[in-house]
2 protein chains.
Amino acid sequence: MDTIRPTSRDAILEAAFQTFSKRPGASLAEIADHAGVGRATLHRHFGSREALMAALAQTARDELNDAVDAAVGNTVSHTDGLRRALAAIIPLAERQWFLAQEPVLQNPAIEAAYVADQAALCTAIEEAKAEGTFDPNVPTRWIAETYDSLIFAAWEMVRDDALTADQAADLAWRTLTRGLGTEGLAGKT
Amino acid sequence: MDTIRPTSRDAILEAAFQTFSKRPGASLAEIADHAGVGRATLHRHFGSREALMAALAQTARDELNDAVDAAVGNTVSHTDGLRRALAAIIPLAERQWFLAQEPVLQNPAIEAAYVADQAALCTAIEEAKAEGTFDPNVPTRWIAETYDSLIFAAWEMVRDDALTADQAADLAWRTLTRGLGTEGLAGKT
DNA sequence: TATCCATGAGACATATATGTCTCATTTGAG
DNA sequence: CTCAAATGAGACATATATGTCTCATGGATA
C-alpha cells in the first residue's frame, strides 16, 4: 500500500530529530543533507516545514507512548508504573524536549494530545497519592511538573556521561518520592 | 557620557526578551515593532542580531546576579543563601531559560560566564552539604541540576497562576531539601 | 527485458530577514 | 532659541529559505 519507500522518510525524520534538537532553526536543506537525501525528496514526503514538524511531533509521541506502555506492562501498582515510566522516558527526553518549544504546539491536534498526556500523568499521580506515595497536601500539578523536570535533569546528566541511565533514574525517583512523599508526616492529623 | 539615549536601548532589550522568549526565531523587525522603535534604530544600537543576543545574555546575567546578591545579602548560612536565591530566581527564570538554548552559548565569553555560575552553584551546594542540608552521597551536580530544574518548574506554575511565587518557592525548596536531604539517613554508618 | 516509480540534481520564482544608507523630523541640552 | 544628536521612515542590495517544477537516472518488479 505504501506508494513511497519508507526508508527515505525514516531517514529524514531521524535527521530532523537530531538536527532540530540542536538547532530548532535549521533549514530543510540541512536536514536533507544530514539524511543523505535530496531536498526535493524531503518536500515530496512532507510538503512543508510545518508538515514535517507535525510528523516529528506525532512520531515522538508514538515513541513515548510505546516506551511507556512497554515499561509499565501490566504493573498493578500505580507508583511502580510511574517509576518505570520515568526510567523509560529518560532516553527519549531530548526529542520530547525540543517539541515542547511552542512553535510546534500551534497545531491544535498536537496540543490536544499534549494536554491529554499531561492529564493522564496527573491521574496516575492521584492514584499514587492514594497508594500513599505522595503527600496529598502537595498539588498534583506540582508533582507532575517535578516529574517532568527531573526527567529532563536526568537526561542531561546521562547525556554528559555524568551518570548512567539507571543511576539517573534512581536519583530522580528518590528526589521525587522523598521530596514529595509522606515520610515524616505520619504525626500530622 | 552616553552618546545614545538609553531609553530606546532598554525598550529594545525588553521587547527582545519578551518576543524571543516566546519565539526564538522572531525577526528583528518584529522586535523593533514591539519596542515601538524603527528597525534602523535597533541596528544603530546593536549592529547585528548576534550582538543583540550577546547583549541580552549579558543583561540577563547581570539581572540574575543582582537579584541573587540582593536576596542573599549577608546571610551566613549557605543553606539559607540557596533558599533565598531560589526564590529570587523564579521570577527571572523565563529570561534565563531562552538563553539556555545554545545558539546564544556559541559566544565564548557568555559560555564561560555560564560555566562559572554553575561552578559557583556547585560550591554553594558543597557548603550546604557540610551544613547537613544535603546528603553527601548524592552527586553535587545532580543537586545543581535539580535546583535549576525546580526553579523552572516553579516558574511555570507561577506563570500559569497555579501557585503564587511564595508557594512555588516553598514547594521547590521542600522538594529539593527533603528529596536530597539527610532526613531518615541518621541510622546509616 | 520492459516498466514503473522513487530519487537526485538543479533551475526557478517567491518571500523574508539582514544590514546599510539617506534624509527629514524630533528631542533635549545649553 | 539654536544646534547637535537621536530617531523614524523607507529605499536598497544581499543572502538565505521555501516550495514547485522538470528531467534524467537507477533500482525493483513483473
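All chains are named by letter (A, B, ...) in the order of the sequence lines, taking the proteins before the strands, and each is independently numbered beginning at 1. Heavy atoms only: backbone and side chains are in, while hydrogens, waters and symmetry mates are out.
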Looking at D:dG8, C:dT7, D:dC21, which one has an atom nearest to any side-chain atom of B:T41?
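The listed nucleotide nearest to B:T41's side chain is D:dG8.
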Would you say B:E50 has more than 12 foreign heavy atoms packed within less than 6.0 Å of its CD?
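Open.
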Looking across every strand, which nucleic acid part, if any, lies under 4.0 Å from A:G36 by heavy atom: base, sugar-phosphate, or nothing?
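It contacts sugar-phosphate atoms only.
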B:R9 CZ - D:dT7 C1' separation (whole Å)
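Checked: the CZ to C1' distance equals 17 Å.
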Distance, rounded to the nearest Å, where B:I31 contributes CD1 and C:dG19 contributes C1':
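Distance check: B:I31 CD1 to C:dG19 C1' gives 16 Å.
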Side chain A:R44 and base D:dG19 donor-acceptor under 3.5 Å
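Side chain to base: no pair below 3.5 Å.
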Mind checking salt bridge (Lys or Arg N to Asp or Glu O under 4.0 Å) for B:R61 and listing every partner two or more places apart, or none if nothing turns up?
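With sequence neighbours excluded, B:R61 shows a salt bridge (Lys or Arg N to Asp or Glu O under 4.0 Å) to B:D117, given in chain and number order.
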Just by distance, with hydrogens left out, do B:S149 and A:S149 show a side-chain donor and acceptor under 3.5 Å apart?
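There is no such pair (donor and acceptor under 3.5 Å, judged by atom type) between the side chains of B:S149 and A:S149.
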Any luck finding a side-chain donor-acceptor pair between B:D62 and B:Q58 under 3.5 Å?
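Short answer, yes.
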Reading 5' to 3' through nucleotides 13-18 of chain C, protein heavy-atom contacts under 4.0 Å coded B for base, S for sugar-phosphate only, - for none
----SB
Side-chain contact, heavy-atom cut-off 4.5 Å: B:F152 with B:I90?
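Not touching, per the 4.5 Å side-chain cut-off.
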Residue pairs involving residues 147-163 of chain B (criterion salt bridge (Lys or Arg N to Asp or Glu O under 4.0 Å); sequence neighbours excluded):
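Output for this query lists A:R141-B:D160, B:E156-B:R159.
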